[in-house]
Amino acid sequence: MTASTTYRIAPSILSADFARLGEEVRQVEAAGADFIHFDVMDNHYVPNLTIGPMVCKAIRPHVQVAIDVHLMVSPVDTLVVEFAKAGANLITFHPEASPHVDRTLSLIRDQGCKAGLVLNPGSPVEHLDWVMDKLDIVLLMSVNPGFGGQSFIPSTLDKLKAVRKKIDQYVGSGGQPILLEVDGGIKVENVAAVAAAGADTFVAGSAIFGAADADGGYRGVMSKFRSALKSGGR
Ligand code: DX5
Ligand code: ZN
């Protein structure tokens, strides 16, 4: 355990009430969200269709924290430019969805955003090799992308350890800091084990937006996440 690890919680608005999205993001930020995780699905790269740059622009004035745009789309590049204009702060994409990964990463940074790659459960960690200097964040999927509310895939823990090692070696040899985010099936019950395996940033959709009022709502579940991380992380 390193006392200095800063943990970030990124509620995924995929599980929010879309009819009240402004209020939802204000409330989850007030409950302590570090990022707003914004899932973009195109019914082509993944079998679901969600929200685009217009919705990002609409929520931007309602939140102070960074908007973390997870692009599950192909092609990627045109949407990078549109999301940067719409107020995104971090933009991640799947390497299989872009024919020129290095170029897309540079494009994201050129637009003034932090850049990252997303690895599906079956994607090799070698996608990160040769582009480490262009990464601000790595997002490991712990479910197959496309839907909220799925179960955490246990092999993600070993994969997190492998990516943690890669990042630590890179940063230790003078590289820039890189966040390690995990997405899918994250709950109060498993977040400590996921942190111990190396993640520092946690996307949670159904666990946060599904929190019952009787259990303290968003504030209640966020404080349970923080306590679990305090007692069981690195
Ligand atoms: C899935 C999305 C996730 C999703 C996570 O493709 O990338 O961000 O919202 O939802 P939960 O936390 O419910 O697994
Ligand atoms: Zn996501």
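Fair warning: this is a prediction, and the values are worked out from it, not measured in the lab. Order of listing sets the numbers, starting from 1, for every ligand and every atom in it.
- When all heavy atoms of Asn89 and Ala66 are compared, the closest pair comes out as OD1-CA, 3.3 Å.
- Atoms of ligand 1 lying under 4.0 Å from at least one heavy atom of Val203, given by number and element, are 8 (O).
- Side-chain atoms of Ser206 and Lys187 include a donor-acceptor pair closer than 3.5 Å.
- Interface of Gly184 with ligand 1, defined as ligand atoms under 4.0 Å from a residue heavy atom, comprises 14 (O).
- In this structure, Val76 and Tyr45 have side chains that are not in contact, with every pair of non-hydrogen atoms separated by 4.5 Å or more.
- Going from atom CD1 of Ile108 over to atom CG of Leu90 covers 9.5 Å, rounded to the nearest 0.5 Å.
- Counting just the N/O/S atoms of His70, the one with the shortest distance to the Zn ion (ligand 2) is named ND1.
- Contacts between Ala204 and ligand 1, counted as non-hydrogen atom pairs separated by less than 4.0 Å, involve the backbone only.
- Of all N, O or S atoms in Asp183, the one lying closest to the Zn ion (ligand 2) is OD2.
- Atom 2 (C) of ligand 1 has as its closest protein heavy atom Asp39 OD1, 3.5 Å.
- Taking 4.0 Å as the cut-off between side-chain N and carboxylate O, Asp77 and Arg103 do not count as a salt-bridged pair.
- To the nearest 0.5 Å, atom CD of residue Glu181 and atom CG of residue Leu139 are 4.5 Å apart.
- When only interatomic distances are considered, the shortest N/O to N/O separation between Gly205 and ligand 1 falls below 3.5 Å.
- In terms of protein heavy-atom proximity, atom 5 (C) of ligand 1 is closest to Asp183 OD1, 3.5 Å.
- Within the 4.0 Å heavy-atom cutoff, Lys187 does not count among the residues contacting ligand 1.
- Which parts of ligand 1 touch Pro145 is read off a 4.0 Å heavy-atom cut-off, strictly below it: atoms 6 (O).
- In the vicinity of Phe147, heavy-atom distances shorter than 4.0 Å reach the ligand 1 atoms 1 (C), 6 (O).
- When you scan the N, O or S atoms of Asp39 for the one nearest the Zn ion (ligand 2), you land on OD1.
- Put simply, the side chain of Thr201 does not reach to within 4.5 Å of the side chain of Asp68, judged on heavy atoms.
- Of all protein heavy atoms, the one lying nearest to atom 14 (O) of ligand 1 is Gly185 N, 2.8 Å.
- Between Leu14 and ligand 1, no N or O atom pair is found at a separation short of 3.5 Å.
- Heavy-atom contacts of His37 reach the following atoms of ligand 1: 8 (O) (cutoff under 4.0 Å).
- A salt bridge does not link Arg26 to Glu23: none of the charged side-chain nitrogens sits closer than 4.0 Å to a carboxylate oxygen.
- No N or O atom of Asn144 sits closer than 3.5 Å to an N or O atom of ligand 1.
- Ligand 1 has no N or O atom lying under 3.5 Å from any N or O atom of Ser15, backbone or side chain.
- Looking only at side-chain heavy atoms (C-beta outward), Ile67 and Val25 stay at 4.5 Å or farther from each other.
- The shell of residues lying under 4.0 angstrom from ligand 1, judged by heavy atoms, includes Gly149.
- Contact of the Val191 side chain with the Ile9 side chain is not registered, since no non-hydrogen atoms from C-beta on lie closer than 4.5 Å.
- Looking at atom 9 (O) of ligand 1, its nearest protein heavy atom turns out to be Ser12 OG, 2.8 Å.
- Near Met72, meaning under 4.0 Å from one of its heavy atoms, ligand 1 places the atoms 6 (O), 7 (O).
- Ligand 1 places these atoms under 4.0 Å from at least one heavy atom of Gly148: 10 (O), 13 (O).
- Within the listing of ligand 1, atoms 11 (P), 12 (O), 13 (O) sit less than 4.0 angstrom from a heavy atom of Ser206.
- With a 4.5 Å cut-off on side-chain heavy atoms, His70 and Val203 do not count as touching.
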